[in-house]
Amino acid sequence: MDVRNEVRNVAIIAHVDHGKTTLVDELLKQSGTFRTNEQVAERVMDSGDLEKERGITILSKNTAIHYNGVKINIVDTPGHADFGGEVERILMMVDGVLLLVDAFEGCMPQTRFVLKKALALGKKVVVVVNKIDRPGARPAEVIDEVLDLFIELGAEEDQLDFPVVYASAKDGYSSLDDSVREGDMRPLLDSILENIDPPKGDVNGPTQILFSSLDYDDYIGRIGIGRVERGSVKQGQQVVLCNNEGERKNVRISKLYQFEGLKRTEVSQAQLGDLVCVSGIAELNIGDTACDPEHIEPLPFVKIDEPTISMNFIVNNSPFAGKEGKFVTSRNLRDRLFKEVETNVSMRVEETDSTDCFKVSGRGELHLSILIETMRRQGYEFQVSRPKVITKTENGVLMEPMELLIIEVPEQYVGSVIEKLGSRKAELENMGSRDGGSTHLEFKVPSRGLIGYRSEFMTDTNGNGIMNQLFAGYEPYKGDIQTRERGSIVVHETGESTGYGLFNTQDRGRLFIGPGVPVYEGMIVGECAKAEDVVCNVCKKKQLTNTRAAGSDDALRLVPHSVLSLEQCMEFIKDDELLEVTPTSLRLRKTILSKEQRMKKQFKKG
């Protein structure tokens with residue numbers, strides 16, 4: 001067996017906001033990837049607009065640095081469980097992982113999720129305790145928590161003896177001693193070279209490449225990103241592409257690239273253990289293997305966890321349809337959704353009885369909301385239904401997805417949080433206090449119980465709470481859950497909202513729009529204070545008469561309206577409501593716009 005000591009392949013895995021992307025920034029800077037006078041953006045790996053705005057990593061990305069004559073290929077992975085499909089397949093490309101843990105927060109839900117996947121695949125783990133300079137940092141306790149987590153997840157004995165590096169990615173230093181507060185990233189890089197195994201295999205054997213990721217370029221088309229598992233590969237080489245269904249196709253590798261810093265560099269050939277990008281194969285999919293024509297041996301691919309939440313994506317049929325979007329037809333919507341599935345392996349798209357409606361399933365609300373936000377920015381206009389959990393039946397028992405919910409809140413809000421979650425069928429599993437007066441709560445709760453809860457949670461805790469969730473498997477159905485208690489304020493007629501009309505409506509509840517907004521019959525413009533829908537005329541104008549009374553013409557004072565984000569809109573809608581999404585607007589509406597038709601349907605139900 002050959003060993004390539006001049007290469008290391010490593011993925012960085014962690015919970016959200018524990019500093020993965022900032023750490024990659026520092027490693028790139030200190031390894032001399034950038035010119036001395038080069039202007040470099042912060043969190044340079046988060047290249048998408050949405051990633052920059054939200055400060056989260058959505059897609060996994062590759063980079064490479066050189067240190068002491070060794071090329072270190074680094075994969076930056078997302079931290080949200082909703083994008084877990086990205087993490088699962090990326091682990092197939094690497095020989096080891098850096099597990100990043102915050103020195104104050106310790107092990108969080110996503111840490112558990114990604115570590116479980118890495119240990120199951122037998123990857124070597126280097127634990128990096130980041131943010132060591134943070135006030136309240138507790139490195140010794142965090143290391144104990146990590147060890148407990150390793151034991152709980154059934155790690156092998158050699159995996160339990162993990163190396164530990166202490167770092168501050170923000171200030172650019174690392175050390176094997178938790179008291180050091182200066183230096184550079186060399187101790188971390190040395191630890192990678194020492195503890196992560198180099199690629200091993202048959203360098204002279206027949207070609208074998210396993211593709212774990214896809215990219216797309218407007219000029220060269222689809223690009224497959226994978227690892228050379230055996231032998232070598234050359235530009236222009238003929239190979240056989242095998243997929244999981246057993247299909248085989250003769251294809252040619254037209255161009256071959258490797259990662260150098262943030263760029264893809266064209267190369268003539270690559271060897272065992274190299275991470276490569278291949279262009280020229282139009283039919284390429286994630287999980288496919290490219291083999292030598294004389295030795296066709298496809299490799300098994302990691303099983304991606306199934307989706308837990310689904311929504312209907314529907315062609316926009318509101319009175320304002322086609323006014324703001326560029327792509328509005330069912331064909332546009334269908335093509336875009338099926339294109340997404342090609343690269344987003346943990347998402348599913350199914351056609352329904354109606355040609356205008358598609359069922360899209362994903363890992364969670366965030367997973368689906370990122371797709372919706374991306375599509376509206378690309379000029380698509382459509383409607384979505386309320387998110388629903390995907391249940392299944394096992395041995396005649398109805399099963400539903402469960403979530404592990406971890407909450408950090410100040411002590412005074414604990415009562416209201418436990419009370420609200422209790423009504424959503426949550427079970428309190430663990431409770432403890434943290435330094436600084438905050439309380440740590442762990443619940444097991446049905447996934448459907450969390451739909452619409454985040455906004456309530458932020459209100460109940462005055463914005464001081466931190467909430468994280470993680471898929472925890474399927475359990476028997478827990479019974480009905482009381483969802484949104486309040487009704488909607490629905491528009492009476494098509495027109496433009498006026499200050500006078502809104503002034504007369506604002507006593508009914510919380511408004512979502514201000515004056516001068518175009519509205520249509522059946523559109524939802526607020527949340528009613530009662531548990532019933534009310535129809536109001538927000539377009540009503542004041543009658544102009546000659547009669548004047550002292551004080552009656554004082555300026556009408558409107559209560560400031562609430563502007564809902566995309567996630568809040570998704571959480572707000574009920575089963576008989578839809579969210580209309582266009583490049584410039586988010587509108588809530590009733591599925592049946594006419595008040596008479598809604599009442600007839602209600603009467604038939606009764």
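For reference, positions follow the sequence shown, starting with 1.
Counted by atom type alone, Lys123 and Gln159 present zero donor-acceptor pairs between their side chains at under 3.5 Å. Using modelled atom types and a 3.5 Å distance limit, the side chains of Gln271 and Ser232 yield no donor-acceptor pair.
Listed by first and then second residue, the salt bridge (Lys or Arg N to Asp or Glu O under 4.0 Å) pairs involving residues 170-181 amount to none (not counting sequence neighbours).
Side-chain atoms of Ser212 and Ile225, non-hydrogen and from C-beta on, never get closer than 4.5 Å to each other. Between Leu100 and Val127 the shortest side-chain heavy-atom distance does not fall below 4.5 Å. Arg4 is listed as a side-chain neighbour of Asp274, based on a closest heavy-atom distance under 4.5 Å. Under the 4.5 Å side-chain criterion, counting only non-hydrogen atoms from C-beta, Ile65 is in contact with Ile72. No side-chain heavy atom of Ser191 sits less than 4.5 Å from a side-chain heavy atom of Leu193. Side-chain atoms of Val276 and Phe259, non-hydrogen and from C-beta on, never get closer than 4.5 Å to each other. A 4.5 Å side-chain heavy-atom check between Val126 and Val97 finds every atom pair outside the cut-off. Inter-residue side-chain proximity for Val146 and Val101 is flagged as met; some heavy-atom pair is nearer than 4.5 Å.
Side-chain N or O atoms of Arg138 include one that pairs as donor or acceptor with a backbone N or O of Phe104 at under 3.5 Å. Looking at Thr308, its side chain never comes within 3.5 Å of a backbone N or O of Val389 through a donor-acceptor pair. Checking side-chain atoms of Arg8 against main-chain N and O of Ile196 turns up a donor-acceptor pair under 3.5 Å. With hydrogens and angles disregarded, no donor-acceptor distance shorter than 3.5 Å links the side chain of Thr207 to the backbone of Val233. With hydrogens and angles ignored, the 3.5 Å screen pairs no side-chain donor or acceptor of Thr289 with any backbone N or O of Leu210. Glu6 contributes no side-chain N or O that, together with a main-chain N or O of Gly69, makes up a donor-acceptor pair within less than 3.5 Å. No side-chain donor-acceptor contact under 3.5 Å links Ser168 to the backbone of Lys131.
With Pro199 as reference, Asp95 is the one residue of Asp95, Leu275, Val228 to meet the side-chain contact (heavy atoms from CB on, under 4.5 Å) rule.
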Subject >> Test log, rule side-chain hydrogen bond (donor to acceptor under 3.5 Å, both in side chains), inputs Glu403 and Ser447 >> reply: CA-CA 6 Å; Glu403 304 273 342; Ser447 298; 3.0 Å; yes

**OP:** For the pair Ile309 and Leu368, evaluate side chain to side chain contact (heavy atoms under 4.5 Å, CB included) and give the outcome as yes or no after the intermediate values.
**Re:** CA-CA 9 Å; Ile309 280 189; Leu368 292 167; 3.6 Å; yes

Subject >> Verdict with supporting geometry, Tyr67 and Asp190, side-chain hydrogen bond (donor to acceptor under 3.5 Å, both in side chains) >> reply: CA-CA 9 Å; Tyr67 176 70; Asp190 289 335; 2.7 Å; yes

Original post:
Gln258 and Lys71: side-chain hydrogen bond (donor to acceptor under 3.5 Å, both in side chains), yes or no, with the steps?
Top reply: CA-CA 11 Å; Gln258 281 193 17; Lys71 182 179 182 181; 2.9 Å; yes

**OP:** Dump the intermediate steps for side-chain hydrogen bond (donor to acceptor under 3.5 Å, both in side chains) on Ser268 and Gln235, then the final yes or no.
**Re:** CA-CA 5 Å; Ser268 57; Gln235 204 161 303; over 6 Å; no

**OP:** For Lys234 and Leu256, run side chain to side chain contact (heavy atoms under 4.5 Å, CB included): C-alpha distance rounded to whole Å, both residues' side-chain angles, the deciding distance at 0.1 Å, then the answer.
**Re:** CA-CA 7 Å; Lys234 293 186 178 66; Leu256 196 62; 5.9 Å; no

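Taking CG of Leu241 as the reference point, atom CZ of Arg252 lies at 15.0 Å (rounded to 0.5 Å). Rounding to the nearest 0.5 Å places CG of Asn332 at 12.0 Å from CZ of Arg334. Here the OG atom belonging to Ser369 is positioned 8.0 Å from the CD atom belonging to Glu373, to the nearest 0.5 angstrom. With values rounded to the nearest 0.5 angstrom, Asp161 atom CG is found 13.5 Å from Glu156 atom CD. Here Glu260 contributes atom CD and Glu266 contributes atom CD; the two are 13.5 Å apart, rounded to the nearest 0.5 Å. Lys249 NZ to Ile281 CD1: the interatomic distance, rounded to the nearest 0.5 Å, is 10.5 Å.
With Tyr380 as the aromatic partner, Arg376 does not meet the cation-pi criteria of under 6.0 angstrom to the ring centre and within 45 degrees of the ring axis.
Between Phe382 and Phe313, the ring planes are parallel. Angles under 30° get that label, and only those over 60° would be called perpendicular.
Salt bridge present: Asp102 and Arg134 bring a charged side-chain N and a carboxylate O closer than 4.0 Å.
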